[in-house]
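Notes follow the structure.
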Amino acid sequence: MENQRVVVLDFGGQYKELIARRVRECGVYSEIKPGDTDIDEIKRLAPIGIILTGGPDSVYKDDAPRCDVKLFELGIPVLGICYGVQLLAYSCGGEIKPCKVSEYGRTKLKADTNSLLFKGLEHNQTVLMSHTDQIYVLPDGFRSVASTKNCLNAAIECPERKLYGMQFHPEVENTPNGTDMIRNFLYEVCGAKGDYDISDYEALMIEKVRQQVGNEQVILGLSGGVDSSVCAALLAKAIPGQLHCIFVDHGLMRKNEGDEVEEAFKDRALNFIRVNAEERFLSKLAGVTEPERKRKIIGEEFVRVFEEEARKIGNAKFLAQGTIYPDVVESGANKSATIKSHHNVGGLPDDIAFTGLVEPLRGLFKDEVRKLGYSLGLPKNIVERQPFPGPGLAIRVIGDITKEKLDILRDADAIFRQEMEKSKVKADQYFAVLTNMRSVGVMGDFRTYDYVVALRAVKTTDFMTCQYAQVSHAVLSRTTARIINEVPGVSRIVYDITGKPPATIEWE
Ligand code: XMP
């Protein structure tokens, strides 16, 4: 049975995937399409609703992105968000101009709870505003249903034509009741039935992957982390017999991790191959200190190993990866700024010897990947694993990388993780970092001059922002005492209390 669907038309806003995700969260399948998608294509998709995203342009400029104005005559409910509401109003005859006072950040909103958009919500709301233009004159037949101090038309509607819009962003966490507003649009206006869940995504992706790869062989880089494991389980179901999972032990894994991954996957029907490539990676990384350079080297070397394995298998044509949406955003795809090149996106070399990339998780957020993992029948110890970056400990040894430094870090990190696991502290990711700094200490009667280890523990749901975890002093003291006593080469321990932003979770 076909799911009901919502089409999200993209006008270049940074939150389009978040909008699509909120719609999925409300139990409705959504698909992102370019803003100028042909009207006949939209009719063919037969959506129950259309959402117009935000975007950086001014709608009254000649080169601003537009949609076909017939969109607003189809009788299909439309919700415009930020640029999307301006485009809606402009296309229907309203007037848009620069704001006298631009609004950025969390803002108080007064909502008309008679509007279906705000049904069941309080009159006073907090919303995220981020705009330099706004609607000054409403099109005929529209009315304002929410306002802020500086924006009279913060939400508008023309229920007779099923056209709605919000100047603010309901899709972000900074609009606490935003998902309820989106849900109202879906259920009260579009007549959603809530017929979508993660198992529909599974079925859809299985079909897509089969179409993409045909009878060809596929190589998957399996690190044992959540994303690549879920990807492996999905592909094993989609293309049994055509999948070969390569686990590259690059010598940058945590303590005993290589053997643990092999143990967890060798008996599954994944054609599991372990490649021990420590020497190869460490020699390529010798003397390299610049974080982006490290990532690129590792990304390239991974692919070279996969290519060699592909030749052994008999020319596998496709490379599969467990890339998820936050990897794509932070690597600077979609015109966002590059924060760091996640090895599986920005770290890929240009000349890869594969016909295509298979990335079935590319539109999902971490928590959705975990749900998919459960729906595919993976065990909790795999699905709930903390993320571990593809470049591994290379980006946790600050500065140049040596085997000696990696071993020090492995031991210190293992102790911290053991102590965290023994305690009741709730953190979503925790690890140790070997700072490239040495510091003077005293042990017994001797002067020491050894490394400073930093401990990092964070709380987050989406890994795109985080707060530091409030680890108890007792846990920090025990960890410190053990590392100093058990790990030669470390003389001092510090705890990192920076959030993201301004820091990132990893140090490099
Ligand atoms: P940052 O450091 O960007 O990390 O705040 C966000 C989350 O992503 C993980 N991470 C990576 N994962 N390849 C990955 O697969 C990478 O290159 C990479 N860099 C960071 C990090 O551990 C955290 O969970």
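Both ligands and their constituent atoms are indexed starting at 1 by order of listing.
Heavy-atom proximity to Pro391, at under 4.0 Å, picks out these atoms of ligand 1: 13 (N), 16 (C), 17 (O). For ligand 1, the atoms sitting less than 4.0 Å from at least one non-hydrogen atom of Arg295 are 16 (C), 17 (O), 18 (C), 19 (N), numbered in the order shown with element in parentheses. Here is the list of ligand 1 atoms found below 4.0 Å of a heavy atom in Lys500: 1 (P), 3 (O), 5 (O), 6 (C). The Pro387 neighbourhood of ligand 1 comprises atoms 24 (O), with distances under 4.0 Å to a heavy atom of that residue.
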Which is it for Phe431 and Arg254 under the side-chain contact (heavy atoms from CB on, under 4.5 Å) test, yes or no, and what are the steps along the way? CA-CA 10 Å; Phe431 53 86; Arg254 289 168 290 192; over 6 Å; no

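Note that the CG atom of Leu234 and the CG atom of Leu376 stand 5.5 Å from one another [nearest 0.5 Å].
Of the candidates Thr504, Asp428, Ile505, it is Ile505 that places a heavy atom closest to atom 4 (O) of ligand 1.
Between Lys255 and Asp413, no side-chain nitrogen of the basic residue sits less than 4.0 Å from a carboxylate oxygen of the acidic one, so the salt-bridge criterion is not met.
In this structure, a donor-acceptor pair under 3.5 Å is absent between the side chains of Arg417 and Gln386. Judged by distance alone, the side chains of Ser199 and Ser375 never bring a donor and an acceptor atom under 3.5 Å apart.
With a 4.0 Å cut-off on non-hydrogen atoms, Gln386 does not touch ligand 1 at all. With a heavy-atom cut-off of 4.0 Å, Cys466 does not touch ligand 1 at all.
Residues Ile198 and Glu202 form no side-chain contact, since every pair of their non-hydrogen atoms from C-beta on lies 4.5 Å or further apart.
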